[in-house]
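Within every chain, numbering begins at 1; the chains are lettered A, B, ... in the order of the sequence lines, protein sequences first and strands thereafter. Since this is a predicted model, take the numbers as computed values, not measurements.
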Amino acid sequence: MSLIHELVDEGVAPGVPVALVVAPGVGIALSWNSGRRVIADKDPLRVVAEVDTLGPRWIWWTSREDAEPLVASGIRPRACWDLGAVGRLLHGLSRDDAGAVWAAAFGLEQPPRAEGELSLLDLAGEAGDAVREDGHLSREWLRGGWADDLDRAQRWADVALRLHAVQEELVRALPDRRTGRGSTTLPYFIALSESMAALVCVELAHDGLPVDRAVLEEFLTTTVGPRPRTEVEEVSARHRRDREVWRHFPGEPVDLRNPSTVRDLLARAGIEVPDTRSWRLEPYAATSPGISALLAWRKAERVATTYGWAWAERDIGGDGRLRGTWTAAEGAGRMTASAGLHNLPSELRPSVRPLEGRVLVRADLGQIEPRVLAAVSGDAALAEAAREDDMYAPVARALSSDRATAKIAVLAAMYGQTSGAAGAALRDMDRTYPTAMAFLRAAEESGRRGADLRTYGGRLLPLSKLAGSPAAEGPDSDSAHGRGRFARNAVVQGAAAELFKAWTATVRAGLVGLDARIVMCLHDELLVEANEPDSARVVALMGTALESTASWWCAGSGVRLVAEVSVADTWADAH
DNA sequence: TCGGTCACGTA
DNA sequence: CGTACGTGACCGAG
């Protein structure tokens with residue numbers, strides 16, 4: 001009987017949680033509720049690929065470490081439960097190492113980060129078991145002490161399965177705040193999609209974003225000059241750009257990279273400003289060629305330092321793929337990316353372009369934050385507005401204002417604006433959408449007090465641990481107000497991030513069998529690189545995936561979620 | 001060598 | 001208007 005048939009007999013089936021531990025070059029250990037076994041094989045990843053066809057829900061410590069070798073070998077696991085990602089969700093952790101996640105699940109103190117050599121003190125009280133007498137995981141095991149022996153790998157998989165059981169119970173105990181509840185709780189769905197987002201992060205880091213080097217190099221050459229071959233060339237290119245600004249100002253040249261000397265320079269020209277931020281200088285640009293030159297210099301300098309030749313050399317591979325490291329949830333719960341992936345200036349987007357025959361399918365969620373506010377606050381009137389394609393239109397009618405004012409008022413409410421022109425509109429918001437406004441105020445109040453909050457999907461926002469001590473500084477300090485604004489925004493931004501990741505996971509599942517992959521996640525925007533013949537199916541998938549996600553994410557709320565989808569050869573054209 | 005500040009890109 | 005994040009240059013303290 002084949003391995004696969006045996007596993008099926010023993011209860012491995014689609015959706016069944018199976019803890020996986022890979023011992024490189026040795027084999028794998030599996031552990032699930034109705035069985036456990038080790039499989040010795042010199043090529044363990046081949047075995048994982050085989051078992052994945054049964055569709056188990058892989059349980060692993062973190063996708064970052066455990067899925068990386070799978071993805072690198074070409075495996076695209078169907079489903080997982082990422083203990084680290086769920087640990088972050090449940091406990092508001094800023095780390096996801098096994099020792100920390102385990103401790104949090106059992107209500108223990110966070111252990112010190114396991115780094116450096118183990119001392120005798122560390123090993124005291126460890127009798128060779130994975131779990132110590134004090135309930136923490138063994139430092140020896142955390143450092144990979146299980147990896148050369150399948151028997152120990154099996155015990156390590158058992159430990160993961162046990163943590164999964166505890167996490168699952170904790171997740172199921174979280175409140176489900178939906179209007180229309182189903183049999184599966186919302187936080188449970190979110191635990192799954194947060195896990196899948198962590199896996200997507202590994203795939204994004206592996207696959208990279210396609211860059212057309214010729215287009216990029218043309219742009220860099222015209223903006224900052226040709227690629228410098230020596231340090232001398234680099235200095236002279238800098239100097240050439242600097243001179244374009246200096247020639248507009250009489251007297252000694254100053255260091256343009258030092259804001260305080262720039263401020264002096266402007267003062268000499270009769271322009272007094274408290275700081276030299278571009279939005280403050282912008283009004284002078286029309287009348288002062290010097291300011292205009294300085295602003296142009298700033299743009300070029302940004303490219304030269306952050307998105308210039310050095311960046312291209314460092315972060316774009318020989319295969320023309322821009323790669324960074326991705327995290328699935330930081331701060332309020334958004335994904336983050338390094339290597340400039342999340343703040344690529346729009347001028348660079350024409351360079352994001354796949355090879356001939358492939359296209360980019362771009363989809364973005366329209367007006368996502370106000371729609372999310374309507375859903376998570378349970379405000380019936382705002383949900384009514386969120387039935388429309390453009391929800392600011394009905395809001396404007398309700399506030400008897402124009403659309404622009406309505407938009408400002410809604411955004412001001414979500415971001416905690418304290419001053420400005422939205423004052424009157426904000427008071428109308430209070431009258432028209434009292435439930436949503438009370439929801440936001442309650443979040444701000446929690447933040448100010450330093451009381452922990454959970455997002456709609458169950459993410460713990462550890463406001464008691466945020467900068468500034470709530471106890472020492474009192475509820476009216478600057479840091480208390482800072483936490484208040486953060487909390488007010490985080491309950492919306494965080495829930496929007498959860499929705500986005502759930503949508504992303506659904507899109508990913510729908511891509512199986514197509515020649516297409518997700519190459520960018522940008523808060524409310526998804527980019528899929530696809531073989532041209534498959535692009536129409538990807539376009540359709542973006543919409544159907546959103547519908548099916550909305551059917552559980554905001555069940556019963558009446559809120560409509562909308563995605564705008566387009567296909568193009570470059571990121572810039574997909575708008 | 002480090003943290004703080006300024007600046008600025010995206011959402 | 002305000003929030004989140006990552007990056008880089010500079011300053012001043014150590």
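If you check every strand for non-hydrogen atoms under 4.0 Å, Arg257(A) touches sugar and phosphate atoms only. Across all strands shown, Ser278(A) has heavy atoms under 4.0 Å from sugar-phosphate atoms exclusively, and none from any base. In this structure, Arg277(A) reaches the sugar-phosphate backbone alone: every heavy-atom distance under 4.0 Å involves primed, P, OP1 or OP2 atoms, never a base. Backbone-only engagement by Arg349(A) is indicated by non-hydrogen atom pairs under 4.0 Å involving sugar-phosphate atoms exclusively. Within the nucleic acid shown, Phe486(A) comes within 4.0 Å of sugar-phosphate atoms alone, with no base atom in reach, counting heavy atoms only. As judged by a 4.0 angstrom heavy-atom cut-off over every strand, Ala337(A) is placed among residues touching the sugar-phosphate backbone only.
Here dC11(C) is the nucleotide among dA4(C), dG9(B), dC11(C) with the atom lying nearest to any side-chain atom of Asn258(A). Residue Pro259(A) has its side chain nearest to dA7(B) when only dC10(C), dA7(B), dG8(C) are considered. Taking the side chain of Thr336(A) as heavy atoms from C-beta on, and the options dG8(C), dG6(C), dA11(B), the nearest nucleotide is dG6(C). For Arg238(A), the side-chain atoms get nearest to dC10(C) when compared with the rest of dA11(B), dT7(C), dC10(C).
Taking only side-chain nitrogens and oxygens, Thr306(A) never comes nearer than 4.0 Å to OP1 or OP2 of dG9(B). Put simply, Arg298(A) has a side-chain N or O that comes within less than 4.0 Å of OP1 or OP2 on dC8(B). Phosphate contact (OP1/OP2 of dT3(C), side-chain N/O of Arg485(A), threshold under 4.0 Å): present.
Between the Thr455(A) side chain and the Arg459(A) main chain, a donor and an acceptor come within less than 3.5 Å of each other. When atom types are taken as modelled, the side chain of Thr432(A) and the backbone of Met429(A) share no donor-acceptor pair closer than 3.5 angstrom. At least one donor-acceptor pair closer than 3.5 Å links the side chain of Lys501(A) to the backbone N or O of Gly333(A).
We find that CH2 of Trp311(A) is positioned 13 Å from P of dT10(B), with the value rounded to whole Å. Rounding to whole angstrom units, CD of residue Glu301(A) and P of dC6(B) are separated by 19 Å. Between the P atom of dC8(B) and the CG atom of Leu256(A) lies a distance of 13 Å, rounded to the nearest Å.
Each of Tyr456(A), Phe500(A), Trp503(A) was evaluated against Trp553(A); a single residue qualifies, Tyr456(A), per the ring-ring contact (aromatic ring centres under 6.0 Å, His included) test.
For Arg488(A) against Met414(A), the heavy-atom pair with the smallest separation is CG-O, 3.7 Å.
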